[in-house]
Amino acid sequence: MMNAPSKPTLFSGIQPSGLLTIGGYIGALRNWVRLQHEYDCLFCIVDLHAITVRQDPPRFTERCLSFAAQYIALGIDPEAATIFLQSHVPAHAELTWLLNCHAYMGELARMTQFKDKTRGAKEQAIGVGLFDYPVLMAADILLYQTKLVPVGADQKQHLELTRDLAVRMNHAYGPLFTVPEAFIPEVGARVMSLQEPTRKMSKSDENANNSIALIETPDVIRRKIRRAVTDATLGITYAPDTRPGVANLLTILGALTDRAPAALAASYADQGNAALKNDVADALIAFLEPFQARYHALMDDREALHAILRRGAERARHRAAPTLRRVYDAMGFWRGEQREET
Ligand code: TYM
């Protein structure tokens with residue numbers, strides 16, 4: 001593909017629609033950190049996606065900055081990777097329109113996330129943005145000739161749609177896009193809610209006891225883990241279907257200590273839920289305390305944070321331009337003198 005960098009491209013993003021949780025960390029961000037030196041990486045704060053739900057403007061601004069600081073505090077190197085806000089690169093919105101005209105109502109209506117988020121709602125009350133959300137996600141990915149997209153299991157279907165759109169466009173206009181692959185981890189692809197462990201842990205959950213935010217205090221973390229729903233069976237076993245609460249705690253501990261949940265379960269065979277919960281809380285606090293110190297230092301130096309995001313946006317705009325131009329050209333848009341400028 002044009003201007004191919006020497007390493008393959010990796011792209012991923014998170015919506016700044018609530019507090020970043022350990023679900024997003026374990027399912028996605030942890031792998032961004034691990035893969036960042038093998039790939040040429042772009043890590044986006046997908047602010048345009050976040051407005052499918054109404055946001056309070058001042059809090060939204062602050063949350064976008066806070067997400068950037070959290071990416072860095074978790075170990076993303078802003079010198080090596082491109083960290084940026086989606087709205088700073090207009091090509092995302094432009095490519096979305098071009099892809100919209102090749103996407104079908106039927107395939108978008110089949111998206112389980114759309115169905116889940118709109119269940120029971122009247123059609124008059126369902127935002128078009130929510131429906132079109134996966135096309136914007138496809139544009140994010142395809143703009144950069146992305147090879148790998150590390151995400152949690154809930155994004156698998158959106159990745160399949162992205163691949164379908166890439167193949168469809170390549171078939172219609174010749175090779176425009178790299179067809180990307182999802183990277184979904186073996187452990188932690190779906191961290192569950194603490195109170196309702198058959199549902200996914202989500203940053204937009206109304207019940208704060210269901211999730212643990214990365215910027216939560218140790219006391220709150222300990223309390224939430226202690227109250228996590230488990231079951232009355234004696235001993236610890238890893239059985240996600242029949243013991244989802246215990247399995248979820250084992251998954252969280254396994255992800256933080258790099259051990260397989262089933263193997264961990266065996267080491268707790270003679271112990272109860274209380275011992276497991278205690279160790280999960282300890283592991284979370286040991287991981288989050290130094291992270292939080294780095295996070296607060298980054299948030300206290302706004303100039304430096306703004307500079308990282310400005311530089312990231314510049315790099316991303318530069319990286320996105322050739323692909324967008326190629327799509328316009330392939331579709332026959334007359335672009336006059338602009339052709340030379342971009
Ligand atoms: P979002 O913001 O809901 O979640 C961000 C990432 O975290 C993962 N994740 C989880 N993984 C495991 N267990 C959980 N409980 C959990 N909760 C969240 C998600 O799978 C995701 O990888 N549509 C995306 C954002 C997006 C994007 C993109 C991602 C927009 N454009 C381009 C990749 C590439 C979303 O809503 O993720």
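The analysis underlying the following values was restricted to heavy atoms, covering all of them including side chains, and did not include hydrogens, waters or symmetry mates. Counting starts at 1 for both ligands and their atoms, following the listed order.
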Hey, which atoms in ligand 1 end up nearer than 4.0 Å to a heavy atom of [X]?
{"X": "Ile141", "answer": "32 (C), 34 (C)"}
{"X": "Met201", "answer": "14 (C), 15 (N), 17 (N)"}
{"X": "Gly188", "answer": "12 (C)"}
{"X": "Phe11", "answer": "32 (C), 34 (C)"}
{"X": "Ser12", "answer": "33 (C), 34 (C)"}
{"X": "Gln15", "answer": "2 (O), 36 (O)"}

Which atoms form the tightest heavy-atom contact between Lys224 and Ala208, and what is the distance?
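That closest heavy-atom pairing would be NZ-O, 2.7 Å.
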
Distance-minimising heavy-atom pair for Arg34 and Asp258:
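So the minimum-distance heavy-atom pair works out to NH2-OD1, 3.2 Å.
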
How far is [atom] from the closest protein heavy atom, and which atom is that?
{"atom": "atom 19 (C) of ligand 1", "value": "Asp154 OD1, 3.4 Å"}
{"atom": "atom 31 (N) of ligand 1", "value": "Asp140 OD2, 2.6 Å"}
{"atom": "atom 6 (C) of ligand 1", "value": "Ala28 CB, 3.8 Å"}
{"atom": "atom 11 (N) of ligand 1", "value": "Gly23 O, 3.2 Å"}
{"atom": "atom 23 (N) of ligand 1", "value": "Tyr133 OH, 2.7 Å"}
{"atom": "atom 13 (N) of ligand 1", "value": "Val191 N, 2.8 Å"}
{"atom": "atom 9 (N) of ligand 1", "value": "Gly24 CA, 3.8 Å"}

Applying salt bridge (charged side-chain N to carboxylate O under 4.0 Å, His left out), run through Arg259 and Asp279 and close with a yes or a no.
CA-CA 13 Å; Arg259 298 188 57 193; Asp279 288 354; over 6 Å; no

Does the distance from a Lys or Arg side-chain N to an Asp or Glu carboxylate O, for Glu216 and Arg222, drop under 4.0 Å?
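No, Glu216 and Arg222 are not salt-bridged.
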
Do NZ/NE/NH1/NH2 and the carboxylate oxygens of Glu314 and Arg310 come within less than 4.0 Å?
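A salt bridge is absent here (no side-chain N lies under 4.0 Å from a carboxylate O).
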
Best match, Pro150, Pro16, Gly13: closest heavy atom to atom 26 (C) of ligand 1:
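Among Pro150, Pro16, Gly13, the closest heavy atom to atom 26 (C) of ligand 1 comes from Gly13.
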
Relative to atom 1 (P) of ligand 1, which among His158, Gln155, Gln113, Lys203 owns the nearest non-hydrogen atom?
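Heavy atom nearest to atom 1 (P) of ligand 1 belongs to Lys203.
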
Which segment of Ala189 sits under 4.0 Å of ligand 1 when only heavy atoms are counted:
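It is the backbone that touches ligand 1; the side chain stays farther off.
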
Test of understanding: given a 4.0 Å heavy-atom threshold, classify the contact between Val149 and ligand 1 as side chain, backbone, both, or neither.
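It is the side chain that gets close, since no backbone atom is under 4.0 Å.
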
Is the number of heavy atoms from other residues, nucleotides or ligands under 6.0 Å of Ile51 CD1 greater than 12?
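Result for CD1/Ile51: open.
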
Arg59 CZ: over 12 foreign heavy atoms closer than 6.0 Å
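At most 12 heavy atoms, drawn from other residues, nucleotides or ligands, come within 6.0 Å of this atom.
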
Go through the steps for Ser87 and Asp47 under the test side-chain hydrogen bond (donor to acceptor under 3.5 Å, both in side chains), then give the verdict.
CA-CA 6 Å; Ser87 64; Asp47 50 0; 2.6 Å; yes

Carefully, step by step, assess Glu94 and Arg325 under the rule salt bridge (charged side-chain N to carboxylate O under 4.0 Å, His left out).
CA-CA 11 Å; Glu94 282 185 78; Arg325 187 171 62 220; over 6 Å; no

Does ligand 1 have an atom under 4.0 Å from some heavy atom of Ile26?
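Contact absent.
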
Residues Arg243 and Thr237: side-chain donor-acceptor under 3.5 angstrom
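Judged by distance alone, the side chains do pair up.
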
Before giving the answer on salt bridge (charged side-chain N to carboxylate O under 4.0 Å, His left out), spell out for Lys147 and Glu181 the whole-Å C-alpha distance, their side-chain angles and the decisive distance to 0.1 Å.
CA-CA 6 Å; Lys147 185 73 201 149; Glu181 276 161 36; 3.7 Å; yes

